[in-house]
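Heads up: the structure comes next, in structure tokens.
Order of the sequence lines sets the chain letters (A, B, ...), proteins ahead of strands, with each chain counted from 1.
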Protein chains: 2
Amino acid sequence: MASPSTARTADDETPRYGEAEERALALWVVLSRAAQAVGALSAADIARSELTVAEFGVLELLHHKGPLLLGEVQKRVLVSSGGVTYIVDRLSERGLIERRACPNDRRARYAALTRKGKALMKQVFPQHAVAIRDAMAGLSPAEQEQAHALLRKMGLAAAAAMGPKAVREG
Amino acid sequence: MASPSTARTADDETPRYGEAEERALALWVVLSRAAQAVGALSAADIARSELTVAEFGVLELLHHKGPLLLGEVQKRVLVSSGGVTYIVDRLSERGLIERRACPNDRRARYAALTRKGKALMKQVFPQHAVAIRDAMAGLSPAEQEQAHALLRKMGLAAAAAMGPKAVREG
DNA sequence: ACTTTTTATCTCATTACTGAGATACTTAGT
DNA sequence: ACTAAGTATCTCAGTAATGAGATAAAAAGT
């Protein structure tokens, strides 16, 4: 996601939009940049384990939730249906997860961490938590909690604005 | 960028990391989700003009700053060197921007909006500003300003933590 | 003047997806 | 039971990038 730009028009015309738009646009710029910067630190930490961000997302999800249907994984990791197949294939090839049949529904399949995958996450996740803690160290604990509350409100409202549908197609 | 997960370990062990890590991780989750949700609304608006987010980013940048060296575009839009060539090629094919020689440096080239590109941005940017305003409508103006200050601080600290280098390689 | 180093852009093979459609199974309706 | 509609996953062609290396020019060092 490329960053939105920050500046005024090249020729110094008065913009044809008002205060509310300016405020929202400026907020969108700092939001993108903050997410980009923290995301880059997170990605750098993840790359040390030779994993992509999306792969790590799936491993982390299974680490915390246990075996999950592929459809559940898709909804939570926000990737297309083909993308889940692709990521799960690769993690399977590396022996970190495996597909398991679903007893009630022969169409469906679980993704579950293998022993090797569990061991990896037990080793890697705590240091990842430290990397994220450090990435957020620019804000005090109190500021982090303020930011949390504001971002949660913002995110829920924006998600609702799209309709409960289509967080990602499949 | 896939969303980080939110939950605790499947087996109810106490996590091996402390309060500071939990707070930062939770903040990272809401930060990603807010950026994702607002970004999706932004992207949906941009798609109405048959542009990708990255293409729109370049057009918006040139709209606001005027002609810019490709290297400048690269730094601001946070894309790889090959990516700039690719995006600029496509926008040029569509007649929205053009490359211009740089008089002082025969290696370098400017990207500049064509008349057609300027007309498009004049038509499209104000409605994009409205889309972003609406996407942020979950927060009051005062809350938006608080969020702005916090995110700016967070983003600057995280960017500094990577070293002034490598926002994106090229 | 002549290397060496740095800088700006482009090329190209590869990657990590997307999304439309195919396949296989399940659920609901009749 | 039979058919229609719905759902879960997979396949595959295409896309938007990445990033290492090529090319060319400029700047610095000697």
Non-neighbouring partners of B:Glu145 that pass side-chain hydrogen bond (donor to acceptor under 3.5 Å, both in side chains), sequence neighbours left out: none
For A:Leu69, the side chain to side chain contact (heavy atoms under 4.5 Å, CB included) test, sequence neighbours excluded, returns A:Glu72, A:Cys102, A:Ala108, A:Tyr110
Show me the pairs that pass salt bridge (Lys or Arg N to Asp or Glu O under 4.0 Å) and involve residues 127-139 of chain A, at least two apart or across chains. A:Arg133-B:Glu21
My understanding is that only residues two or more places apart in sequence, or in another chain, count here; which of them pass salt bridge (charged side-chain N to carboxylate O under 4.0 Å, His left out) with B:Arg109? none
Can you list everything that forms a side-chain hydrogen bond (donor to acceptor under 3.5 Å, both in side chains) with B:Arg107? Sequence neighbours excluded, please. B:Asp105
For DNA chain D, which residues of residues 93-106 of chain A approach it to below 4.0 angstrom with any heavy atom? A:Arg99
Partner residues of A:Arg99 under the side-chain hydrogen bond (donor to acceptor under 3.5 Å, both in side chains) criterion, sequence neighbours left out: A:Asp89
For A:Glu98, enumerate each residue passing the side-chain hydrogen bond (donor to acceptor under 3.5 Å, both in side chains) test, keeping only those at least two apart in sequence or located in another chain. A:Arg100
Could you pull out all residues at least two apart from B:Gln146 that satisfy side chain to side chain contact (heavy atoms under 4.5 Å, CB included)? A:Gln146, A:Leu150
With sequence neighbours left out, the residues meeting side chain to side chain contact (heavy atoms under 4.5 Å, CB included) with A:Lys118 are A:Leu113
Protein-nucleic acid N or O pairs under 3.5 Å, nucleotides 4-7 of chain D:
from, atom 1, to, atom 2, distance (Å)
D:dG6, N2, A:Arg107, NH1, 2.8
D:dT7, O2, A:Arg107, NH1, 2.4

Give every pair of a protein N or O atom and an N or O atom of nucleotides 14-16 of chain D that lie under 3.5 Å apart, one pair per line with the distance.
from, atom 1, to, atom 2, distance (Å)
D:dA16, OP2, B:Tyr86, OH, 2.8
D:dA16, OP2, B:Arg90, NH1, 2.8

